[in-house]
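Only this structure's heavy atoms are used, side chains among them; waters, hydrogens and symmetry mates stay out.
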Amino acid sequence: MRAILQEPGREIPRHAQEIHIRRGLALVRDPQHRGKSVRRVFALTAAALCALAGCSSTTAGRAAPSGHSDRPVSQTPKSTATDPVPGPGVPKVAIPLDATKFKQNPCDALTARQVSDLLGTSSHVKPEPHGAGGPGCGWFAQAQVVIVFPDINELGLTSFYRAKDKVYPFFLPLAPVDGYPVVAYGEEDHRASLGECDIAMGISDSETIVVSVTQSPSHKGEKDPCDSARGVAETVLANLRGGH
């Protein structure tokens, strides 16, 4: 997933596959590849976020407390409204941001031009304003991007750090985005096998933005998908700060 940009004035050759790549998120629209379903992507993202709050089902699109889960209850981080943030070892967010406008309209987190640059012109969008893990939006072609604004608690990155080695055996702090801390996480490391990565970026001590990226099959392995997800988070951050 190197960033291969089209040169000005030069058309991209039309072969059996059309290639559109930006910010390291490679897309090849291969008619033989169907990709993961929209519903499955959102379900996996919601399940990962709900693991932080100990929920395993949804009621009317919202997270419901779990009476039982695949993981022992002791492995699910517990939290209360009075828990201090950030917790021990969690990076502090020096300049908090308010993501209310994107929570209300999560698909506005990326502009149409930005989505086209990332995924080409044939991607389709799926809003999830009442998603189990929080309001979100997904853009789907052969590469896929899902952005979620978690509302399961008010612990921000502290939740993710508490889940390290427990809910999330894969846990990798990444370089901050203009001072905003970022961590990649998951029950497994799917970077090499599936070209997938989920990251969380703290925009305040109590709030995060989650970005989930899946590389296209033809470009899997060309670049670390967590770097691609971080690039998407950088774009969302710029939109948030720029008044988009």
Side-chain angles (χ1 to χ4, degrees), residues 1-8 20-27 41 45 49 86 90-121 123-129 131 133-141 143-151 156-157 160 172-185 196-216 219 222-244:
M1 295 203 337
R2 288 187 310 278
I4 306 172
L5 300 178
Q6 180 182 0
E7 296 182 13
H20 295 266
I21 306 171
R22 182 182 181 272
R23 282 190 178 276
L25 180 59
L27 165 91
V41 171
T45 303
L49 292 173
V90 182
K92 182 172 181 58
V93 177
I95 305 176
L97 297 175
D98 182 4
T100 299
K101 62 181 180 181
F102 288 165
K103 292 178 181 179
Q104 294 173 345
N105 298 285
C107 293
D108 287 348
L110 294 175
T111 67
R113 175 63 181 271
Q114 289 164 347
V115 173
S116 179
D117 287 343
L118 285 167
L119 300 175
T121 58
S123 64
H124 62 282
V125 61
K126 171 64 175 175
E128 283 285 343
C137 190
W139 295 266
F140 300 88
Q144 302 166 357
V145 175
V146 173
I147 297 172
V148 177
F149 298 88
D151 60 2
L157 281 183
F160 294 87
L172 179 66
L174 303 178
V177 175
D178 199 15
Y180 291 86
V182 181
V183 63
Y185 67 94
E196 296 177 358
C197 184
D198 297 337
I199 68 167
M201 177 175 66
I203 57 170
S204 74
D205 290 337
S206 60
E207 291 189 273
T208 60
I209 297 173
V210 165
V211 177
S212 176
V213 159
T214 302
Q215 296 173 329
S216 65
H219 289 271
E222 291 184 10
K223 184 177 179 179
D224 189 330
C226 292
D227 289 341
S228 297
R230 183 185 175 278
V232 174
E234 183 178 7
T235 300
V236 175
L237 179 66
N239 291 341
L240 184 61
R241 298 170 79 182
H244 160 64

M201: which of L174, V182, L157 passes side chain to side chain contact (heavy atoms under 4.5 Å, CB included): V182
So, does D205 use its side chain to make a donor-acceptor pair with the main chain of V93 at under 3.5 Å? yes
Please check this pair: side chain of Q114 against backbone of T111, looking for a donor-acceptor N/O pair closer than 3.5 Å. yes
Pairwise side-chain contact, V211 with V146, heavy-atom cut-off 4.5 Å (strictly under): no
When you measure from the side chain of R230 to the backbone N and O of I199, does any donor-acceptor pair fall under 3.5 Å? no
I need the minimum non-hydrogen distance between Y185 and A200, along with the two atoms involved. CE2-N, 3.9 Å
Here the gap from S228 atom OG to E196 atom CD, rounded to the nearest 0.5 Å, amounts to 12.5 Å
Rounded at 0.5 Å granularity, tell me how far CD in E234 sits from OH in Y180. 13.0 Å
How many angstroms lie between atom NZ of K126 and atom SG of C137, to the nearest 0.5 angstrom? 10.0 Å
Between P129 and P106, what is the shortest heavy-atom contact and its length? CA-CG, 4.4 Å
Taking the side chain as every heavy atom from C-beta outward, state whether D151 and K103 have any pair of such atoms under 4.5 Å apart. no
Could you check whether any side-chain heavy atom of I209 comes within less than 4.5 Å of a side-chain heavy atom of I147, counting everything from C-beta outward? yes
Checking D98 side chain against T100 main chain: does a donor-acceptor pair fall under 3.5 Å? yes
For S212 versus D198, what's the shortest heavy-atom pair and its separation? OG-OD1, 2.6 Å
Euclidean distance, L110 CG relative to D117 CG, rounded to 0.5 Å: 10.5 Å
State, to 0.1 Å, how close A109 and F149 come at their nearest heavy-atom pair, and which atoms those are. CB-CZ, 4.0 Å
Give a yes or no on whether the backbone of K223 and the side-chain of Q215 come within a donor-acceptor separation of less than 3.5 Å. yes
May I ask you to say whether D108 pairs ionically with K101, meaning some side-chain N is under 4.0 Å from a carboxylate O? no
Measuring from I95:CD1 to L97:CG, what's the distance to the nearest 0.5 Å? 8.0 Å
Do any N or O atoms from the side chain of T208 and from the backbone of V210 form a donor-acceptor pair under 3.5 angstrom? no
Would you name the heavy atoms of P225 and C197 that are closest together and state the gap between them? C-CB, 3.7 Å
Return the minimal non-hydrogen interatomic distance between L119 and S123, and the atom names on each side. CB-CB, 3.9 Å
Distance check, rounded to the nearest 0.5 Å: H124 atom NE2 versus F140 atom CZ? 6.0 Å
